[in-house]
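All values below come from the heavy atoms of this structure, side chains included, with hydrogens, waters and symmetry mates left out.
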Amino acid sequence: MNLRLSSSAGVKLRRTRQLMIALLVITLALLSGYSLLDSRQHGRIVRDIVELGAEVSAYEQAVYLSAWEMMLIEATVNDPNGPERRQLLGVDAQTYQATLRISASDVEDQDRLDTAAIAQRQVNIRQSIFYFLTLLDRGQTAAARENLETVIEPAYQHNMNRLIALRDTHQARYDDHQLTAQQDSERLLWGSMISFGLSMVVIALFAWSTRTHRLQVERMAATDTLTGLPNRAAFTARTQRALTAPDVPGDSGGLTVLTVNIDGFRHVNDQLGPHIGDRLLAEAGWRLADAVRDTDMVARLGGDEFAILLHGMAPETAETVADRLREAFDQPFQLDDITLDLEISIGAATAVDGDDVATLLGHADSAMHDAKEQHEGFRRFTPSTAQDTTARLGLLGDLRRGLADDEQLTLHYQAKIRLSDGTLAGVESLARWQHPTRGPVSPGEFIPVLETTSLIHRFTDRVLVLALRQARDWLDAGHRVPVAVNVSTRSLLDESFPPRLAALLKSVGVPGELLCIEITEHTVMSDPTTTIDALNRLRELGVKASIDDFGTGYSSLSYLKLLPVDELKIDRSFVADMVTDSSSHALVASAVDLAHNLGLAVVAEGVEDPATAAALAELGCDTAQGYHFARPVPAADLTRRFLDRTPDALSLSVPPGPARP
């Protein structure tokens, strides 16, 4: 399937139609030279019919483009970032050119004045559109809508009414000339049959032109204008026909739908602009279409999501097709002087009895999102997938309600102990969810669900509120206890997070140095530039930062030295067996030396026994936490054990690491 030829086919069709009209006019001109006065008059009338027909077509095109432009404007005000906005100015330019063409083709002085006025009003509408788009870019949607209703729509309606009136006038002239041609034909002898034949040709030509135009509009309605692929509506219709078609004897293949998503496309579009993003989508669509059979259907559903319909193919073959699709993206995209390496995530779903198009697409889409989250590239939908999705959705709804219930979401605190003297250096806050019917739900079960939705922001804010209020309570009791809070990647990289945290610190009345934000190496590596900027903004608030689970994320040391962090937390997987495993011991020792050389404090996680604590102390590790010292407990239990009994055991802050050499 060569989609690059689809646009040229439409151009050839238009040229063929124009050539046929030109040949007809030339033929009429030659016949008129051999005719008597009546036949010349008849020929002139026929030529007028052709010209008027062309003018009627020109007016039809201008009306169509004007209506399309208004549709795009209305779609843009509802979705300022949708694909219609990118088409708007181009369609406006086509509409203006169409008005110029009808102005140039009109021979009547009054009509020419009217069409010139229409063209000028189209220019004025363009200026209004620019202002309308500017309002949308400023986020002034209400003002944009008012501008649409009070300025653009009246001007558009005035132009449309005048266009329709002029079209009807030209149509009436066309009808009059047809009638005159038929009357003159009755007075002609041999020429009457020729003229009649030519009139039939003219009628047939315009019927063909009208039919061609209708088919072209239907194709446009079923085609994605950016890629030339079928759109969602066309894919839905084709899939529905395939689902309801009777089984073909001897055909053992099934009906499988693949959904394809381009990994990292949002970053390309945001950083390189929609122009590069659009070219990338077009090239991606061509690659997908080239990787499947001509009988398969590739469609763009919207954004960077594509769908492929595989018919008459065994379900297990879908994975082979997915491999070919992924191989199609092995070659980099060369866009101008930019080279991009991208991958895709694919989900597959095979139709079973009772499935409709929405269900089939939903299953494939669910599998695709699972493949993306697990970085697997391809995943097939199974009944267990549906059960997992249903359970996840149910859990998400319970979480949404739990965040508003003070009795369900609470925090436990695990002590962080100085290895030099055994005193309390701070605490790490850990979320606990007491489900009203299921009882305690593990963080490992509900946190991954939260991180896939925007609900993670509400959860992060809720945990911070609880942690800072507890820090405030300890301050009021005379204890300065630094509190650490784990923050997800999505929350940290949210631009609104630093100002929200600043407002929260101020409202609760806790100094920034008593809060430590813990992030993972994965957070750093997912977007180093944004992470560094966010941490610098937090440092301005006095908030400390810690890299959690250090050693498991393969982070680059070049980024580590640039990160504005205060401590490293060595992952429990290295600490747990460091006494018995020389490799783990060496890794922990290297991490301690590295952190101290960078001026960072070191916290060891998962300390379960005295031997491990002693080994860490011998290596110069600053702080440790684990079941050997204390399990995560409610704030009241931690206060009784560490604060009420030894009120002088807590220093003001986490001790700094050694000075950098």
Query raised in the report: Step by step, would you call Thr612 with His628 a side chain to side chain contact (heavy atoms under 4.5 Å, CB included)?
Result: CA-CA 9 Å; Thr612 303; His628 170 63; over 6 Å; no
Query - Derivation and outcome, side chain to side chain contact (heavy atoms under 4.5 Å, CB included), residues Arg432 and Thr410 - result: CA-CA 5 Å; Arg432 295 292 182 263; Thr410 59; 3.8 Å; yes
**Report entry** Pairwise side-chain contact, Asp566 with Arg539, heavy-atom cut-off 4.5 Å (strictly under)
**Finding:** yes
Report summary line: Hits for side chain to side chain contact (heavy atoms under 4.5 Å, CB included) against Ala143, two or more places apart or cross-chain, chain-then-number order -> Leu135, Gln140
Report task. Over all heavy atoms of both residues, which pair between Leu411 and Ala467 is shortest? Give the atoms and the distance, please. Result -> CD1-N, 3.5 Å
Query - Sole residue of Glu605, Arg572, Glu428 in side-chain hydrogen bond (donor to acceptor under 3.5 Å, both in side chains) with Gln625 - result: Glu428
Query raised in the report: Less than 4.5 Å apart, any side-chain heavy atom of Leu568 and any of Val603?
Result: no
Report task. Using the test side chain to side chain contact (heavy atoms under 4.5 Å, CB included), find all partners of Asp461 that sit at least two apart in sequence or belong to another chain. Result -> Arg500
Report task. Could you tell me which non-hydrogen atom of Ala284 sits nearest to which non-hydrogen atom of Phe333, and how far apart they are? Result -> N-CE2, 3.9 Å
Requested in this report: Check the pair Asp622, His596 against side chain to side chain donor-acceptor pair (under 3.5 Å), reporting the backbone distance first and the verdict last.
Outcome: CA-CA 10 Å; Asp622 303 291; His596 286 167; 3.0 Å; yes
Requested in this report: Measure the CD1-CD1 distance between Ile308 and Ile346 for me, rounded to the nearest 0.5 Å.
Outcome: 7.0 Å
**Report entry** Qualifying residues under salt bridge (charged side-chain N to carboxylate O under 4.0 Å, His left out), relative to Asp278, sequence neighbours excluded
**Finding:** Arg86
**Report entry** Flag if over 12 foreign heavy atoms under 6.0 Å of CD, Glu618
**Finding:** no
**Report entry** Approximate separation, where rounding is to 0.5 Å, of Asn486 CG and Ser429 OG
**Finding:** 7.0 Å
Requested in this report: Before giving the answer on salt bridge (Lys or Arg N to Asp or Glu O under 4.0 Å), spell out for Glu283 and Arg279 the whole-Å C-alpha distance, their side-chain angles and the decisive distance to 0.1 Å.
Outcome: CA-CA 6 Å; Glu283 179 67 28; Arg279 290 183 55 189; over 6 Å; no
Query raised in the report: Which atom pair, heavy atoms only, marks the closest approach of Ala431 to Leu409?
Result: CB-CD1, 4.4 Å
Report task. State which residues pass ring-ring contact (aromatic ring centres under 6.0 Å, His included) with Tyr413; sequence neighbours excluded, sorted by chain then number. Result -> Trp474
Query raised in the report: Listed by chain and number, what are the side chain to side chain contact (heavy atoms under 4.5 Å, CB included) partners of Ala611, not counting sequence neighbours?
Result: Val579, Asp609
Query raised in the report: Do the side chain of Thr460 and the main chain of Ile456 share a donor and acceptor less than 3.5 angstrom apart?
Result: yes
Query raised in the report: Do the side-chain N and O atoms of Thr520 and Asp548 include a donor-acceptor pair separated by under 3.5 angstrom?
Result: no
Requested in this report: Would you check if the side chain of Asp581 reaches a backbone N or O of Asp577 as a donor-acceptor pair within less than 3.5 Å?
Outcome: no
Query raised in the report: Should Leu538 and Phe497 count as side-chain neighbours, where that means a heavy-atom distance under 4.5 Å?
Result: yes
Query raised in the report: When you check the side-chain N and O atoms of Ser345 and Arg379, is any donor under 3.5 Å from an acceptor?
Result: no
Query - Any side-chain heavy-atom pair of Val465 and Val508 under 4.5 Å - result: no
Requested in this report: Applying side chain to side chain contact (heavy atoms under 4.5 Å, CB included), run through Leu272 and Ile338 and close with a yes or a no.
Outcome: CA-CA 9 Å; Leu272 301 180; Ile338 301 173; 4.0 Å; yes
Query raised in the report: How many angstroms lie between CD in Glu513 and CG in Leu505, if you round to the nearest 0.5 Å?
Result: 9.5 Å
Requested in this report: Taking the side chain as every heavy atom from C-beta outward, state whether Leu361 and Thr259 have any pair of such atoms under 4.5 Å apart.
Outcome: yes
Query - Phe265: partners by ring-ring contact (aromatic ring centres under 6.0 Å, His included), with sequence neighbours left out - result: none
Query raised in the report: Which heavy-atom pair separates Pro80 from Leu136 by the least distance, and what is that distance?
Result: CG-CD2, 4.2 Å
Report summary line: Rounded to the nearest 0.5 Å, the CD atom of Gln414 sits from the CG atom of Leu430 at a distance of 6.5 Å
**Report entry** Lys/Arg N to Asp/Glu carboxylate O, Arg537 vs Glu495, below 4.0 Å
**Finding:** no
Query raised in the report: So, do Gln470 and Val427 sit near enough that their side-chain heavy atoms are less than 4.5 Å apart?
Result: no
**Report entry** For Asp79, all residues meeting salt bridge (charged side-chain N to carboxylate O under 4.0 Å, His left out), sequence neighbours excluded
**Finding:** none
Query raised in the report: Looking at side-chain heavy atoms only, is the closest gap between Leu475 and Pro511 below 4.5 Å?
Result: yes
Query raised in the report: Among all residues two or more places apart in sequence or in another chain, which pass the salt bridge (charged side-chain N to carboxylate O under 4.0 Å, His left out) test with Asp593?
Result: none
**Report entry** side chain to side chain contact (heavy atoms under 4.5 Å, CB included) partners for Glu343, two or more places apart
**Finding:** Asp263
Report task. Locate the shortest heavy-atom distance separating Ala364 from Ala349; write the atom from each residue and the value. Result -> N-CB, 3.6 Å
**Report entry** salt bridge (charged side-chain N to carboxylate O under 4.0 Å, His left out) partners for Arg631, two or more places apart
**Finding:** none
Query raised in the report: CG of Leu619 to OG of Ser590: how many Å apart, nearest 0.5 Å?
Result: 9.5 Å
Report task. Indicate yes or no: at least one non-hydrogen side-chain atom of Ile570 is less than 4.5 angstrom from one of Val592. Result -> yes
Query raised in the report: Could you give all pairs that pass the side chain to side chain donor-acceptor pair (under 3.5 Å) test and reach residues 323-333, with sequence neighbours left out?
Result: none
**Report entry** Distance, nearest 0.5 Å, that separates CG of Leu258 from CE of Met368
**Finding:** 11.0 Å
Report task. Indicate whether any N or O donor in one side chain lies under 3.5 Å from an N or O acceptor in the other, for Asn261 and His369. Result -> no
Query raised in the report: How about Ser491 and Asp494: does a side-chain donor come under 3.5 Å of a side-chain acceptor?
Result: no
Report task. For Phe378, enumerate each residue passing the ring-ring contact (aromatic ring centres under 6.0 Å, His included) test, keeping only those at least two apart in sequence or located in another chain. Result -> none
Report task. Output yes when Glu518 and Lys569 qualify as a salt bridge under the 4.0 Å nitrogen-oxygen rule, no when they do not. Result -> yes
Query raised in the report: Run the side chain to side chain contact (heavy atoms under 4.5 Å, CB included) check on Ile517 and Leu464 step by step: do they pass?
Result: CA-CA 10 Å; Ile517 296 299; Leu464 284 168; 4.3 Å; yes
Query raised in the report: Asp476 and Arg472: salt bridge (Lys or Arg N to Asp or Glu O under 4.0 Å), yes or no, with the steps?
Result: CA-CA 6 Å; Asp476 293 341; Arg472 181 69 256 176; 2.8 Å; yes
Report summary line: Taking every heavy atom of Ala545 against every heavy atom of Leu535, the minimum-distance pair comes out as CB-CD2, 3.9 Å
